[in-house]
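Working notes, structure below.
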Amino acid sequence: MKLDYIKTVIAIAISCLISYGFFVFTNNSNKELLSVGTCLFLSVTLVCTLAIQLQSARTTTLVKTVSSIFFVCALIINIAFLFIEFKKEIYIILTGIVFLVYVLLTYSVSKHETKNSN
């Protein structure tokens with residue numbers, strides 16, 4: 001697995017700017033949690049979408065596709081939380097489950113390809 005550092009920095013900067021926009025435009029009492037959660041989730045998915053290079057081109061394409069789908073999903077979830085008043089626990093549980101499903105899918109895709117190449 002290779003990581004393009006310039007694209008990684010750009011992906012993290014984009015995620016931080018989106019997160020800052022969420023912080024500025026919400027009147028929610030949990031705006032800090034929403035901003036940090038948005039930044040973390042979007043950073044991981046966007047780095048895997050833009051900056052990652054795996055052994056196989058096919059695996060790279062699959063991981064980038066899954067990452068971009070979950071990036072859009074995370075963006076939609078966080079936009080929904082932007083406009084509603086929510087409890088911290090609900091946000092942590094929902095985004096945590098979605099994030100763990102994302103990690104499981106990307107791990108499974110990369111592990112399956114590694115197993116087949118050996």
Side-chain angles (χ1 to χ4, degrees):
M1 179 177 88
K2 289 195 260 182
L3 201 61
D4 186 345
Y5 296 111
I6 299 298
K7 289 181 181 177
T8 300
V9 170
I10 291 170
I12 292 171
I14 290 170
S15 299
C16 288
L17 289 172
I18 292 171
S19 177
Y20 178 69
F22 281 17
F23 181 81
V24 170
F25 292 116
T26 188
N27 292 327
N28 199 322
S29 60
N30 296 318
K31 66 194 305 185
E32 293 86 7
L33 176 66
L34 180 66
S35 299
V36 170
T38 301
C39 187
L40 290 175
F41 200 158
L42 295 183
S43 292
V44 171
T45 55
L46 201 55
V47 165
C48 288
T49 300
L50 297 177
I52 201 167
Q53 182 75 29
L54 298 170
Q55 295 172 346
S56 165
R58 187 173 115 184
T59 307
T60 302
T61 303
L62 286 171
V63 168
K64 286 184 177 203
T65 303
V66 169
S67 296
S68 61
I69 289 169
F70 273 87
F71 176 81
V72 171
C73 180
L75 199 58
I76 290 169
I77 289 170
N78 284 305
I79 287 172
F81 278 115
L82 183 68
F83 295 111
I84 61 171
E85 189 68 32
F86 61 91
K87 290 184 175 182
K88 292 178 184 180
E89 295 83 8
I90 298 293
Y91 180 78
I92 292 170
I93 290 169
L94 182 65
T95 55
I97 288 172
V98 173
F99 182 75
L100 290 175
V101 167
Y102 163 70
V103 170
L104 177 67
L105 284 174
T106 54
Y107 174 76
S108 298
V109 166
S110 64
K111 182 76 169 175
H112 179 70
E113 184 66 29
T114 305
K115 187 189 300 185
N116 286 343
S117 66
N118 289 333

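Side-chain atoms are counted along with the backbone in the values below, which use heavy atoms only and exclude waters and symmetry mates.
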Under a 3.5 Å distance rule, please check whether [X] uses its side chain to pair with a backbone N or O of [Y] as donor and acceptor.
| X | Y | value |
| --- | --- | --- |
| Ser19 | Ser35 | yes |
| Asn28 | Ile84 | yes |
| Thr26 | Phe22 | no |
| Ser68 | Thr65 | yes |

Indicate if [X] and [Y] have the same hydrophobic cluster label, given that clusters are the connected sets of ILVMFWY residues with side-chain heavy-atom separations under 4.5 angstrom.
| X | Y | answer |
| --- | --- | --- |
| Phe23 | Phe83 | no |
| Ile10 | Leu17 | no |
| Val44 | Leu62 | no |
| Leu40 | Leu94 | no |
| Val109 | Val103 | no |

Inset, instruction - Please assess Leu3 against Val47 for the test side chain to side chain contact (heavy atoms under 4.5 Å, CB included), listing each intermediate value before the final yes or no. - result: CA-CA 9 Å; Leu3 201 61; Val47 165; 4.0 Å; yes
Quick one: are [X] and [Y] in side-chain contact, heavy atoms under 4.5 Å?
| X | Y | answer |
| --- | --- | --- |
| Leu75 | Ile18 | yes |
| Phe70 | Ile77 | no |
| Ser67 | Thr106 | yes |

Inset, instruction - Could you walk me through whether Leu42 and Phe71 pass side chain to side chain contact (heavy atoms under 4.5 Å, CB included), step by step? - result: CA-CA 6 Å; Leu42 295 183; Phe71 176 81; 3.5 Å; yes
Legend entry - Heavy atoms of other groups near Lys31 NZ, more than 12 under 6.0 Å: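 Yes, the 6.0 Å shell around NZ holds more than 12 heavy atoms from other groups.
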Legend entry - Heavy-atom neighbours of Leu104 CG exceed 12 at 6.0 Å: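 Result for CG/Leu104: enclosed.
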What are the two closest heavy atoms between [X] and [Y], and how far apart are they?
| X | Y | answer |
| --- | --- | --- |
| Ser29 | Glu85 | OG-OE2, 2.9 Å |
| Cys39 | Ser15 | O-CB, 4.1 Å |
| Met1 | Leu54 | CG-CD2, 3.6 Å |

Inset, instruction - Output, in order, the C-alpha distance, side-chain angles, deciding distance and verdict of side chain to side chain contact (heavy atoms under 4.5 Å, CB included) for Leu33 and Ile92. - result: CA-CA 9 Å; Leu33 176 66; Ile92 292 170; 4.3 Å; yes
Legend entry - Set of ring pair (Phe, Tyr, Trp, His ring centres under 6.0 Å) partners for Phe86, sequence neighbours left out: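 Ring pair (Phe, Tyr, Trp, His ring centres under 6.0 Å) list for Phe86, sorted by chain: Phe81, Tyr91.
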Got a second to check how far [X]'s [atom1] is from [Y]'s [atom2], nearest 0.5 Å?
| X | Y | atom1 | atom2 | result |
| --- | --- | --- | --- | --- |
| Thr45 | Ile69 | OG1 | CD1 | 11.5 Å |
| Leu46 | Thr8 | CG | OG1 | 9.5 Å |
| Ile52 | Leu50 | CD1 | CG | 11.0 Å |

Legend entry - Ring geometry between Tyr102 and Phe99 (parallel below 30°, tilted from 30 to 60°, perpendicular above 60°):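 It falls in the tilted class, 30° to 60°.
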